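Step one of this worksheet: look at the structure below.
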There are 2 protein chains.
Amino acid sequence: MLSKSCVYALRAIVYVGHNGSENHKIGIKEIGEELDLPVHFLSKILQLLVKHNILQSTKGPHGGFYINEASGKIKLIRIIEIIDGLSFFHKCGLGMHECSDSHPCPLHDDFIVFREGLNKIFSTKAINDLVKKVEDGNAFVRNLNTKN
Amino acid sequence: MLSKSCVYALRAIVYVGHNGSENHKIGIKEIGEELDLPVHFLSKILQLLVKHNILQSTKGPHGGFYINEASGKIKLIRIIEIIDGLSFFHKCGLGMHECSDSHPCPLHDDFIVFREGLNKIFSTKAINDLVKKVEDGNAFVRNLNTKN
DNA sequence: ATATAAAAAGACCTAAATATCTTTTAATAT
DNA sequence: ATATTAAAAGATATTTAGGTCTTTTTATAT
């Protein structure tokens, strides 16, 4: 559904939101190690988010990534939009061009419920909501690792 | 979500179910042209379905593809299983290995609703159900084309 | 039996996603 | 100002999905 790039981005940004702050920036190496993600690849993805001001960074000693007040409020859909685009949320489940409510493919009525539902989740939830979940222990407590 | 291979397969099999029968088999060329799909690529995919007895075929003059009684009753999930595998329906939305109800990722509770919902749709609907939809005109009437 | 038609099979090609490695730029502390 | 540190940027490699082309096999009609 979401590309690897996209879920890497989401996990990384939540990790940064959870563990970092403006005066405790998180290095790409730490993120990569803790989340068990390919560092250089991840680096490209975060670069893109920084460019779009979804994520903040500074270079040099004690540099790294962090998220500011505004970034925490950004909805997940925005990150998806930047990395994967929004085509999934408009596309027919059977890949037909002209599929729509008035001209539906044989799967349309069932599929659209799912597609719209997902859209709503991603359009509603902000980065901070995920960070909060992590902090509440509803989700992985220590980190967003793949392993433990 | 579903790979191109997989939606090509679904559309092709519905086309065959709709337009063909044991004594009016449908050639790969017709399928490719009508559905605007790459013929040779599609050919591979259908081969696989034939091998799994989801679809029937015969070679030679007046040969082609058709589906028998039993095949029409096969659930969509089976086709998905053969072509894409079922990992999507077990995988965490954020790509974490150990995500589960008791150990959820920060997106789990919301995501699982739709993952399960989709699973149910595909596990419930059979090929014939889609063919029926096409015949009822609820879906594209003439064919499953990408264009008209 | 033979020609023919159509799927099966095999080899190969292309593009996109994913991943790695190297060099450059820019903050910071000394 | 200089050295150091860490992100940005660039170049390149690998893998997977998607697609094409050619040859082989097999069923049918003559």
Side-chain angles (χ1 to χ4, degrees), chain A residues 1-13 15-16 20 22-33 35-67 80 82-85 87-88 95 146, chain B residues 1-13 15-16 20 22-33 35-67 80 82-85 87-88 95 146:
Chain A
M1 223 270 299
L2 302 178
S3 69
K4 283 196 178 187
S5 296
C6 197
V7 304
Y8 290 0
L10 291 171
R11 281 161 66 189
I13 204 168
Y15 181 85
V16 169
E22 180 138 15
N23 46 356
H24 176 61
K25 292 154 194 164
I26 312 286
I28 187 75
K29 232 158 74 183
E30 176 183 337
I31 306 174
E33 272 164 25
L35 305 188
D36 196 29
L37 300 178
V39 192
H40 292 102
F41 184 48
L42 184 61
S43 159
K44 298 280 178 205
I45 301 166
L46 298 194
Q47 250 180 64
L48 189 63
L49 294 182
V50 168
K51 205 171 291 171
H52 282 86
N53 203 35
I54 304 298
L55 182 66
Q56 286 67 50
S57 75
T58 57
K59 297 178 172 183
H62 302 114
F65 297 91
Y66 64 100
I67 62 172
I80 295 171
I82 289 168
I83 295 176
D84 287 349
S87 67
F88 173 81
T146 333
Chain B
M1 223 272 300
L2 302 178
S3 69
K4 285 197 178 187
S5 296
C6 198
V7 305
Y8 290 179
L10 290 172
R11 281 161 68 189
I13 204 168
Y15 181 86
V16 169
E22 179 139 14
N23 45 356
H24 176 60
K25 291 154 194 165
I26 313 287
I28 187 74
K29 232 158 73 182
E30 176 183 336
I31 307 174
E33 270 162 29
L35 306 188
D36 195 28
L37 301 178
V39 192
H40 291 103
F41 185 46
L42 184 61
S43 157
K44 299 281 176 201
I45 300 165
L46 298 194
Q47 250 180 64
L48 188 63
L49 295 182
V50 168
K51 205 172 291 174
H52 282 86
N53 203 35
I54 305 298
L55 183 66
Q56 285 68 50
S57 76
T58 58
K59 297 179 174 183
H62 304 112
F65 297 91
Y66 63 100
I67 61 173
I80 296 171
I82 289 167
I83 295 176
D84 287 348
S87 69
F88 173 82
T146 332

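Throughout, protein chains are lettered first and strands after them, A, B, ... in sequence-line order, and every chain is numbered starting at 1. Since this is a predicted model, take the numbers as computed values, not measurements.
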Per-nucleotide protein contact along nucleotides 20-30 of chain D, 5' to 3', at a 4.0 Å heavy-atom cut-off (B base, S sugar-phosphate only, - neither), is BBB--BBBB--
Would B:Leu10 and B:Leu2 count as a side-chain contact (heavy atoms from CB on, under 4.5 Å) here? Give the steps.
CA-CA 10 Å; B:Leu10 290 172; B:Leu2 302 178; 4.1 Å; yes
Here the side chain to side chain donor-acceptor pair (under 3.5 Å) pairs for residues 44-54 of chain A, sequence neighbours left out, are A:Asn53-A:Gln56
Where [X] and [Y] come nearest, the two heavy atoms and their spacing:
X       : Y       : value
B:Leu55 : B:Phe65 : CD2-CD2, 3.6 Å
A:Ile31 : A:Ala12 : CG2-CB, 3.9 Å
B:Ile45 : B:Ala9  : CG2-CB, 3.7 Å
B:Phe41 : B:Ser5  : CZ-OG, 3.4 Å
B:Lys25 : B:His62 : CD-O, 3.7 Å

Taking only the side-chain nitrogens and oxygens of [X], find out if one of them lies under 4.0 Å from OP1 or OP2 of [N].
X       : N      : answer
B:Gln47 : C:dA9  : yes
A:Tyr8  : C:dT18 : no
A:Ser5  : C:dA17 : no

Whole angstrom is fine here: how far is it from [atom1] in [X] over to [atom2] in [N]?
X       : N      : atom1 : atom2 : answer
A:Leu37 : C:dT20 : CG    : C1'   : 15 Å
B:Phe88 : D:dA17 : CZ    : C1'   : 18 Å
B:Leu48 : C:dA7  : CG    : C1'   : 14 Å
B:Lys4  : C:dT14 : NZ    : P     : 17 Å
A:Lys29 : D:dA8  : NZ    : C1'   : 16 Å
A:Ile45 : D:dA9  : CD1   : P     : 15 Å
A:Asn53 : D:dA8  : CG    : C1'   : 16 Å
B:Tyr66 : C:dA7  : OH    : C1'   : 13 Å

With heavy atoms under 4.0 Å as the rule, sort B:Ile26 into base, sugar-phosphate or nothing.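 Sugar-phosphate, no base atom in range.
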First of A:Gly63 and B:Ser43 reached from the 5' end of DNA chain C, by closest nucleotide: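 Residue closer to the 5' terminus by nearest nucleotide: B:Ser43.
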Measure from the side chain of B:Ser57, starting at C-beta and using heavy atoms only, and say which of C:dA9, D:dA8, C:dA8 lies closest.
->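 Looking only at heavy atoms from C-beta outward on B:Ser57, the closest nucleotide is C:dA8.
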